[in-house]
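One-based numbering, in listed order, for ligands and for the atoms of each.
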Amino acid sequence: MVPSSHASEQTSSAIVRCNNVTRTFTRGGRTGRFRRGGATTAETVTAVADVSLTIAAGELVGLAGPSGSGKTTLLHLLAGLDTPTSGSVTVANTETTQLSRRQRTRLRLDHVGIVFQHFHLLPSLSARANVALPLVELGYSKRRRRERASDLLTQVGLSDRLQHRPGELSGGEQQRVAVARALATDPQLVVADEPTGELDTETGKQVLDLLADVADERAVVLASHDKQALDRTTRQIRLRDGARIGDKL
Ligand code: ADP
Ligand code: MG
């Protein structure tokens, strides 16, 4: 455990930073407002509660905590997929709360790679076309997209699977395609939400090896309640009921 000031966290080389971030959701109640008379009272859930953190390049940080502790919500805030109810999130020196939805999309395209538990590959496209897809928005020519996607798939050990569709690949292979896709735009930050949740121990290990390599030059944030995954991280930020309750180094 480190003191709650988290004084050990460097700020100079920060890729992503949260300052006092809270995210609440309102459940029930049509407009999200409490109605007079209590006919349909809305319930406010605090998914992330006053979390501050700083993550630098070279770190593979685990977000740990039981189901419902706020890992996914915090990961989405760090990735610029969502914005906080209060507090600020800064990704690659840009404060996300100031941005329009479109600007946030652009920020993600430029700086963030995202890996999901269920891979989220497009089933009708080949592995190579899935990896190449983010590069369309960046204006790469078809030839350069193909070259880059082939290189990345080779790096993740799938040079013999370029033309396979997701349905023709194992879970571990699909997740490696998803990691290659996340790297296509050369992001400074990679976030992965339960990336080994669907995988057996051995294929999970391969994906974790890959994420550890990725973290050599980037910041990687891994949300997981899987011990095997968390054991590979350089440090763990532990959440309970949305709050940062401590770290494990
Ligand atoms: P974890 O990933 O650790 O399982 P989540 O971030 O998914 O946790 O959820 C944290 C809490 O916030 C839970 O109580 C969950 O039900 C709630 N929550 C998350 N997303 C929403 C949403 N879109 N609407 C309402 N409540 C939500
Ligand atoms: Mg989750």
Visitor: Does the N or O separation between F25 and ligand 1 drop below 3.5 Å for any pair?
Guide: no
Visitor: Could you find the nearest protein heavy atom to atom 17 (C) of ligand 1 and give me its residue, atom name and distance?
Guide: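 Closest protein heavy atom to atom 17 (C) of ligand 1: V45 CG1, 4.0 Å.
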Visitor: Looking at S224 and D226, would you say the former's side chain and the latter's main chain have a donor-acceptor pair under 3.5 Å?
Guide: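 Checking the backbone N and O of D226 against the side chain of S224, a donor-acceptor pair under 3.5 Å is found.
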Visitor: Are G65 and ligand 1 in contact, using a heavy-atom cut-off of under 4.0 Å?
Guide: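 It does not, in that no heavy atom of G65 comes within the 4.0 Å cut-off of ligand 1.
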Visitor: Just to confirm my output: which protein heavy-atom neighbour is closest to atom 7 (O) of ligand 1, and how far is it?
Guide: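 Looking at atom 7 (O) of ligand 1, the protein heavy atom closest to it is T72 CB, 3.8 Å.
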Visitor: Considering only heavy atoms of R27, which atoms of ligand 1 have at least one such atom less than 4.0 Å away?
Guide: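 Those atoms are 16 (O), 25 (C), 26 (N).
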Visitor: Could you list which atoms of ligand 1 come closer than 4.0 Å to a heavy atom of T73?
Guide: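 Answer for ligand 1: 5 (P), 6 (O), 9 (O), 19 (C).
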Visitor: Is it true that R23 and D82 have a side-chain N and a carboxylate O under 4.0 angstrom from each other?
Guide: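 Yes.
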Visitor: Need the ligand 1 atom indices (1-based, order shown) with element for anything under 4.0 Å from a heavy-atom of A47.
Guide: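 By the 4.0 Å cutoff, the relevant atoms are 10 (C), 11 (C), 12 (O).
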Visitor: Do the charged groups of R244 and D50 touch, with an N to O distance under 4.0 Å?
Guide: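 No, R244 and D50 are not salt-bridged.
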Visitor: Heavy-atom distances under 4.0 Å are what count here, so tell me which part of H225 touches ligand 1: side chain, backbone, both or neither.
Guide: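 No part of H225 is near ligand 1 at this cut-off.
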Visitor: Given T154 and D151, is the side chain to side chain donor-acceptor pair (under 3.5 Å) satisfied, shown in steps?
Guide: CA-CA 5 Å; T154 301; D151 283 351; 5.5 Å; no
Visitor: Find all atoms of ligand 1 within a distance of less than 4.0 Å from any non-hydrogen atom belonging to P66, and give their numbers and elements.
Guide: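 Heavy-atom distances to P66 below 4.0 Å select 3 (O).
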Visitor: Shortest non-hydrogen contact from A178 to F119?
Guide: CB-O, 3.9 Å
